[in-house]
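Just so it is clear, the values below take in all heavy atoms, side chains as well, and ignore hydrogens, waters and symmetry mates. Order of the sequence lines fixes the chain letters, A, B, ..., with proteins taken first and strands second; residue numbering starts at 1 for each chain.
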Amino acid sequence: MKILQLHSNFIEYRPVEKEIAIAEEAEPKVYRLEEVVVLFTCIEKGDTPENAYRAINEIKEFLDKVKANRILIYPYAHLSADLASPSEAIKILREMESYARELGIEVYRAPFGWCKEFSISVKGHPLAEQFKSILAEGKTAKEEIVSRALEAEEKLKSYWFILKPDGEMIPVEEFDFVGYENLKKLASYEMAKSRVVHQQPPHTLLMRKLEIADYEEASDPGNFRWYPKGELIKSLIEEYVTEKVIAYGALKVETPIMYDINHPALASYLHRFPARQYIVKSEDKDLFLRFSACFGQFLMLSDAQISYKHLPLRIYEMTHYSFRREKSGELAGLRRLRAFTMPDCHALCADMEQVKEEVIKRLKLSMEVLEGIGLTRDDYEMAIRFTKNFYESNRDFIVSLVKIFGKPALVEMWEERFFYFVLKWEFNFIDNLDKASALSTDQIDVENAERYGIYYVDEKGERKTPLILHCSPSGAIERDIYALLEKAYRVYKSGSVPMLPLWLSPTQVRIIPINEDFYSECEKITEEIARHNIRVDWDDRPLTMQRKIREAEMEWIPYIVVIGKEEVSTGLLAVRDRRLVGEQKIRKMRLEDLIDEIKKETSGKPFKPLTMPAALSKRPRFHR
RNA sequence: GCCCCGGUAGCUUAGCGGUUAUAGCAGCGGCCUUGUAAGCCGCGGGUCGCGGGUUCAAAUCCCGCCCGGGGCUCCA
């Protein structure tokens with residue numbers, strides 16, 4: 001038995017003429033039903049009343065879930081090539097109908113044996129369209145979403161494993177997760193993808209409290225406003241990632257954010273995916289906003305003259321922004337946005353040998369980047385996905401990736417290739433609500449070079465198609481900030497003091513005068529520190545010193561320096577160190593030593609000056 | 001898209017049929033001149049998201065819409 005189940009706003013149908021002798025009686029008029037779950041049903045050889053009941057039970061479950069109670073059983077032969085005889089089919093359809101009534105469902109049925117015309121309006125929610133295949137003889141009922149072709153569904157069948165650095169690959173259900181709590185969370189998140197949490201993600205509170213970013217109601221959901229402190233943090237991370245990728249050898253470019261939806265090279269790529277683009281209408285054209293730098297870079301590369309001597313050819317852009325029009329319910333703070341900043345680095349490789357070398361370089365690059373941003377190896381988990389075929393011929397290579405990562409990784413293996421890549425790995429961050437989200441990722445693309453007409457010329461002067469790697473070494477920058485904030489919250493929950501890495505702290509040093517007599521001294525010290533490319537400010541507001549210290553602590557400022565007559569006379573500063581506790585918290589140190597310490601700790605990281613007035617009385621307040 | 005929850009001052013929020021709608025923080029004015037996480041006093045600030053309905057009376061109850069959050073689902 002096959003059922004195409006459509007949760008519909010309405011359906012109208014009209015019996016046109018009888019097709020077979022035993023057709024049921026019906027009037028040839030228009031029937032209309034509203035708010036109805038339409039069941040296009042076909043009865044196959046071997047179907048019994050039992051599996052009809054089973055079908056209805058499943059449907060009843062669905063009805064309860066979507067809070068509906070009206071069904072239309074619509075005999076529809078076109079779902080199977082293995083139909084039961086009409087007399088058998090009518091019998092079973094009637095069984096379904098009466099059983100559904102017994103369950104309290106409001107049941108309608110279109111007549112069997114007629115040629116009918118119909119029009120239907122299907123609801124837009126993800127569960128609205130489902131295909132059910134109810135097998136006879138107690139086999140498990142199979143439920144599939146119709147929006148993908150059945151064949152594609154089959155190709156997507158996943159096998160889950162844990163791959164250990166020593167090369168042992170264990171089916172997920174047999175792996176002992178003791179000591180690998182986050183990997184366990186990743187595995188269950190990826191495989192089950194179901195979780196009931198009714199809680200604001202902690203980072204959303206922090207992003208507002210720290211004046212980093214906030215929702216912008218006047219825009220579209222998932223498009224954020226960034227306050228000065230947030231913009232500073234974000235642009236520092238962008239700068240850092242860019243420096244690392246350039247050092248790896250990438251050519252930095254910039255490409256348009258919108259493209260003609262009818263451009264021939266783009267159409268086939270777009271059509272592989274559900275419509276999740278923003279569309280911009282402009283006079284006679286429809287343009288879509290990019291969801292990564294793929295288009296711009298591929299189009300650029302397809303116009304370039306490339307020799308085998310140039311390979312591997314790396315090309316890079318910090319996409320500001322990429323757009324994905326995620327469904328409104330999928331958005332979550334800085335974790336999932338509709339407009340986000342993402343580094344996108346492609347590499348053209350001559351062959352699979354070169355690909356392997358390059359993937360390893362990029363894996364190491366991504367680890368360096370994440371750890372430079374402020375996440376440790378404990379903070380992220382690896383997932384690797386590949387086709388069975390690719391695994392069988394490249395087993396050692398795959399194991400070497402996990403060895404470099406140094407912890408067991410989650411493996412998803414597909415029976416056949418459905419996407420454009422044969423292998424993809426990601427680093428996933430697990431947050432305080434046990435949600436996993438991908439940061440870094442790299443993919444081996446075997447399809448798009450040809451699609452976009454990207455070629456290189458080999459030693460013999462022949463035109464060849466390269467393989468393409470797609471890497472985002474840090475993932476979306478907003479998501480990195482989400483990870484840092486969630487990590488800080490975890491630290492806070494465990495009883496320690498939360499903070500951002502020193503090089504990302506908007507204010508690195510805050511100078512606080514004990515009273516107005518020391519204002520000019522504070523200003524002088526502020527200028528002196530700022531000269532060394534350290535972000536420093538001073539609190540000139542008419543508040544008590546205690547109050548100023550409290551506020552500086554709430555801003556997560558790493559170093560707080562109080563200036564009074566003692567400091568002026570001895571030249572020794574009283575530096576309150578956020579990372580220390582108790583009596584050690586206040587360190588007596590010379591200004592030069594403080595400067596040295598900060599320079600040492602931030603070395604190798606980009607610097608940007610404070611983008612706000614150094615005197616706090618001159619600053620507006622954006623939130624809190 | 002669907003389900004659940006929410007929308008009262010810049011922010012957090014009380015009130016949940018009945019005088020002139022709370023309070024804290026922030027802002028502004030003044031006092032205080034401070035030794036390591038909240039000093040004191042005063043002032044200004046509101047189409048209670050929008051529209052309709054019920055009622056003698058609506059922030060409060062009902063309907064519709066808008067916006068936000070969470071969940072489902074999805075994630076190139």
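A search for side chain to side chain contact (heavy atoms under 4.5 Å, CB included) contacts involving A:Ser496 returns A:Val491, A:Ser494, not counting sequence neighbours. In this structure A:Glu317 satisfies the salt bridge (charged side-chain N to carboxylate O under 4.0 Å, His left out) test together with A:Arg290, sequence neighbours excluded. The ring pair (Phe, Tyr, Trp, His ring centres under 6.0 Å) check on A:Phe224 picks up A:Tyr215, with sequence neighbours excluded. Judged as a side chain to side chain contact (heavy atoms under 4.5 Å, CB included), and not counting sequence neighbours, the contacts of A:Pro498 are A:Ala488, A:Tyr492, A:Trp556, A:Arg578. Shown here are the salt bridge (charged side-chain N to carboxylate O under 4.0 Å, His left out) partners of A:Glu35, two or more places apart in sequence or in another chain: A:Lys123. Scanning for salt bridge (charged side-chain N to carboxylate O under 4.0 Å, His left out) contacts around A:Asp344 gives an empty result, with sequence neighbours left out. In this view, A:Glu567 satisfies the salt bridge (charged side-chain N to carboxylate O under 4.0 Å, His left out) rule with no residue, not counting sequence neighbours. Contacts of A:Phe518 classified as ring pair (Phe, Tyr, Trp, His ring centres under 6.0 Å), with partners at least two apart in sequence or in another chain: none. When the side chain to side chain contact (heavy atoms under 4.5 Å, CB included) test is applied to A:Leu469, the partners found at least two apart in sequence or on another chain are A:Ala347, A:Cys349, A:Val355, A:Glu358, A:Val359, A:Arg362, A:Asp442, A:Ile444.
Using a 4.0 Å heavy-atom criterion, one finds that A:Glu566 contacts the bases of the nucleic acid, with or without backbone contacts as well.
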For nucleotides 62-68 of chain B, print each protein N/O atom paired with a nucleotide N/O atom at under 3.5 Å, atom names and distance only.
from, atom 1, to, atom 2, distance (Å)
B:rC67, O2', A:Glu217, OE1, 3.2

Below 3.5 Å is the cut-off: list the nitrogen or oxygen pairs between protein and nucleotides 29-33 of chain B, distance only.
from, atom 1, to, atom 2, distance (Å)
B:rU33, N3, A:Glu516, OE2, 3.4
B:rU33, O4, A:Glu516, OE2, 3.2

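Checked by atom type, the side-chain pair A:Arg314/A:Tyr316 shows no donor-acceptor distance below 3.5 Å.
With the 3.5 Å cutoff on both pairing distances, Watson-Crick and G-U pairs in RNA chain B assemble into runs of at least 3 at B:1-7 with B:66-72, B:10-12 with B:23-25, B:27-31 with B:39-43, B:49-53 with B:61-65.
The gap from the C1' atom of B:rC61 to that of B:rC3 amounts to 24 Å, rounded to the nearest Å.
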